[in-house]
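Every chain is numbered from 1, with letters handed out A, B, ... down the list of sequences. Both backbone and side-chain heavy atoms feed into the values below; hydrogens, waters and symmetry mates do not. If you're wondering where the values come from, they're calculated on a predicted model, not measured in any experiment.
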Amino acid sequence: MEPLYTPQGVEERWQRTWEEEGLYKAGAGARREETFVDAHPPPNVTGELHTGHALQLALGDAVVRTKRMQGFDVLFQPGYDHAGISTQNAVEKHLAKEGTSRQELGREAFVERTWAWLHEYGGTIMTQFRRIGASLDYSRERMTLDPEYTRAVMRFFVHLYRKGWIYRANRIINWCPHHRTSLSDLELIHADVDDTLSTIRYPLADGSGHIAIATVRPATIPGDVAVAVHPDDERYSHLVGKEAIVPFVERRVPIIADERVEPDFGTGALKITPGHDPKDFEIGRAHGLPEPMAIGPDGLMSDLVPELAGLTQKEAEGRILDWCKERGQLEEREHYRHSVALCERCHNRIEPLISLQWWCAMGELKQPALAALRERRVRFHPESQHRFAIDSLENAPDWCISRQIWWGHQLPLWECPNGHVTCEESDPDACAECGSPELARSEDVLDTWFSSALWPFATLGWPDRTPELARYYPGDLQTTGREIIRLWENRMIFAGLELMGEIPFEDVVIHSTVLARDGRRMSKSLGTGIDPREVIGTHGADATRYGLLKMSSTQDVRFSDSMLEEGRKLTNKLWNVSRLLLTDAGSVEPDESPGSLEERWILARLEQTRAAIEETFARFDFAEAANQLYHLTFDDFCDWYAEAIKPRLSEPAVRGTALAALERLLKLLHPVLPHVTEEIWAQFHESRLIVAPWPEPDDSYAADLHALDRVQEAAAIFRRSGVAVELEGDEQR
RNA sequence: GGGCGCAUAGCUCAGCGGGAGAGCGCUCGCUUCACACGCGAGAGGUCCCUGGUUCAAUCCCAGGUGCGCCCACCA
């Protein structure tokens, strides 16, 4: 054994060995009937490991490894999300480089190309999961677009459809002109942009003056169908019921009163464009107004006004403003900074459009999940996130589940020429209503999260009643980030209750967000990301896991190199104390029969820490667990115990107890530092630590703990003075 | 505009009603035979501000200030 522990090579070797020996597999080392299941969040199939993944793996794996050692039948489920828009994006970029496009290829060829592309470039992240030592059962890897998984998605859709919870509606939705698809509110990001607020006069139809409105989007003026003011706004009450003339198109529209208008903003009068603004849409529907569309799905001007058709919004805005200016109707142009919605994938500005989409009604579907959360049968940790999960679900609007892209699960809906819709899991022969054989399948695919919602049981073979499903559902634990609570966690809960009749898991650990070193958010676009692969490469997976656990305590933590460094020192310290105890050990076997006070004391401390670790893990306080392990190793095991017995190591009894104590220490450390502990374990065992039995509760040393203070005191005196202090151990009992 | 969280040693963070802590950094001393990625000793803090509750507050409460995150349809 070298004096300097080098994780490189050692870690990869154990990762291969564990997997090759089947020790990552579900049930490996199980010594009891109870199961423990963590269906790990499936990363995007095109994704690369980021710090968030690394953290949730470190947390989940620490728990999973503990449970495995405790003899549970453990399933740590890995896999991929097909990630509809994200993957389609990546492949489209690739195609653009080749000078072609998905439109040119056509749907079928595009989907084929995407599969091929994934086989070549996708799926690398599981390699990175392996490299951090995550003991997932890689032999059970699933992907949400696998044929078997797709069956589950179809079954879910048909189930909801037959319950009458899936419906089609023409509403305003978030439209990404780049992807040419609808997006749910949860797929947007918001950004502040510099804009211009124009105040424009709308002449009154009776020629008695004008009413001025403020807008940031003059290009939507052709879609105006009303001007609205607040009912209590005395400035305008005399105008309500009159008509105004929309500039440029010179259309007469009513002036209406609606409480949704904010009297303090702009002029207090709002132009109503139901086709291009969610609030206007609401007001429009409430007043029964028409919904003309001035802008098309491509983001360009529609043929609503022939002379503007095909122009960009910018160009149309210029024409319209010029028109107003010439007639003295442009009152003011002022700088205005505000927040706009962007597509989270391409960062293009969202175009609110009215569009016919499929929706999933949430009203009834969410009720059992709400009950489960309120009754705490499912618990989010920390508590603040539990409240957030409930609030989010209570306020969850109906879910827009259709997307106009090609990569994903095509809706199992067929329409006949008479407009009847048939919903079947697989190709129907004829329309269910009129028997027409001419059926056209919906072009839309499902929101990616629709399939993710089934993860805890679709990965186990549902809708078939497989033995795995019976054994591993319901599961136990989820470790994930805040941003995914509404998108995924809540949806797994209601899908699980609806289809399986049981909650999918009991505990959801919402971990901290790791910020960049400077406290900013880690993001690719800011260039603030920290690549965990590099960190693992330089510090090792063990040190990285330890560091991440230490960073996991509060809500948001800056990435801290010193936490990793602490982990690295811990591995090295452990390595070296093991050298001391294992070198020249001869044929001495671990033998836990303590003689001296310090021996009884270290065994008691190990036992005490075992209980403490179990308790902190149960609270999901991983930072505290890491802290306790650090001090147990450094202060107690190395500085006190090892120093105390060092002069007597040649005595077989002393050595035997030391090896027994080391065994216990390695077991406690293994869930956090799996590699270095397994490497040391292998120095004196044929068996594998990963499936070694976790220490059983044992109170036989508890009585020795009270001697702690005296031992430390005596040792401190000895160090300062060189004078040994006699301790009458037995008299302490 | 709502919701949540954070402000403690130079840095990153624990603690949370009665003694102010860890790791790193810093100072001093150790080529001690497991480890200099080490050992020992030490310096360093009006625990953001102002009030309140209490015998007692860094910790509880109210307000303020400064940050951060999430949610939201102010054109």
Going by purine N1 to pyrimidine N3 plus the second Watson-Crick contact, or the G-U wobble pair, all under 3.5 Å, which nucleotide sits opposite [N]?
N     : answer
B/U32 : none
B/C4  : B/G68
B/U53 : none
B/C47 : none
B/U58 : none
B/U12 : B/A22
B/A41 : B/U27

Just checking [X]: base, sugar-phosphate only, or nothing, at a heavy-atom cut-off of under 4.0 Å?
X      : value
A/R486 : sugar-phosphate
A/E565 : nothing
A/V216 : sugar-phosphate
A/Y336 : sugar-phosphate
A/R558 : sugar-phosphate
A/G481 : nothing

Which listed nucleotide ([options]) is nearest to the side chain of [X]?
X      : options             : value
A/R387 : B/G5, B/A75, B/A22  : B/G5
A/V557 : B/C13, B/C39, B/A75 : B/C13
A/H631 : B/A34, B/A75, B/A22 : B/A22
A/V577 : B/A22, B/A75, B/A34 : B/A34
A/E282 : B/C73, B/A34, B/A75 : B/C73
A/E566 : B/A75, B/G23, B/C73 : B/G23
A/F388 : B/A34, B/C70, B/A22 : B/C70
A/D639 : B/G40, B/U12, B/G23 : B/G40

Do [X] and [Y] get their side chains close enough for a donor-acceptor pair, meaning under 3.5 Å?
X      : Y      : result
A/S198 : A/R333 : yes
A/R482 : A/T513 : yes
A/E317 : A/Q313 : no
A/Y546 : A/E566 : yes
A/D635 : A/W640 : no
A/T273 : A/D224 : yes

When you compare [N] with [M], how far apart are their [atom1] atoms, in angstrom units rounded to a whole number?
N     : M     : atom1 : answer
B/C48 : B/U58 : P     : 10 Å
B/C6  : B/A62 : P     : 14 Å
B/C71 : B/U53 : C1'   : 34 Å
B/U8  : B/C39 : P     : 29 Å
B/G2  : B/A72 : C1'   : 7 Å
B/G66 : B/G52 : C1'   : 23 Å
B/G51 : B/G42 : P     : 37 Å
B/C61 : B/U54 : C1'   : 12 Å

Would you kindly give the [atom1]-to-[atom2] distance between [X] and [N], to the nearest whole Å?
X      : N     : atom1 : atom2 : result
A/E334 : B/A75 : CD    : C1'   : 12 Å
A/N576 : B/C33 : CG    : P     : 13 Å
A/D561 : B/U12 : CG    : P     : 12 Å
A/I221 : B/A75 : CD1   : C1'   : 12 Å
A/I510 : B/C4  : CD1   : C1'   : 14 Å
A/Q385 : B/C69 : CD    : P     : 15 Å
A/F380 : B/C4  : CZ    : C1'   : 16 Å
A/F634 : B/A36 : CZ    : P     : 12 Å

Subject >> Side-chain-base donor-acceptor pair under 3.5 Å for A/Q628 and B/A22 >> reply: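 Under the 3.5 Å cut-off, the side chain and the base do not form any donor-acceptor pair.
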Original post:
Would you say A/L574 and A/L665 make side-chain contact, with heavy atoms under 4.5 Å?
Top reply: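 A/L574 reaches A/L665 side chain to side chain.
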**OP:** Find which nucleotide of RNA chain B each of A/K279 and A/L4 is nearest to by heavy atoms, and output the residue with the more 5' nucleotide.
**Re:**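 Going by which nucleotide is closer to the 5' end, it is A/L4.
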Original post:
Between A/L515 and A/T6, which has a closest nucleotide on RNA chain B that is more 5'?
Top reply: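 Taking each residue's closest nucleotide, the earlier one in sequence belongs to A/T6.
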Compare side-chain N and O positions of [X] against OP1 and OP2 of [N] and report whether any pair is under 4.0 Å apart.
X      : N     : result
A/K569 : B/C24 : yes
A/K271 : B/C74 : no
A/K646 : B/A34 : yes

Original post:
Within 45° of the six-membered ring axis of A/W399 and under 6.0 Å from that ring's centre, is NZ or CZ of A/R491 located there?
Top reply: yes
Original post:
Is the distance between the ring centroids of A/F622 and A/F617 under 6.0 Å?
Top reply: yes
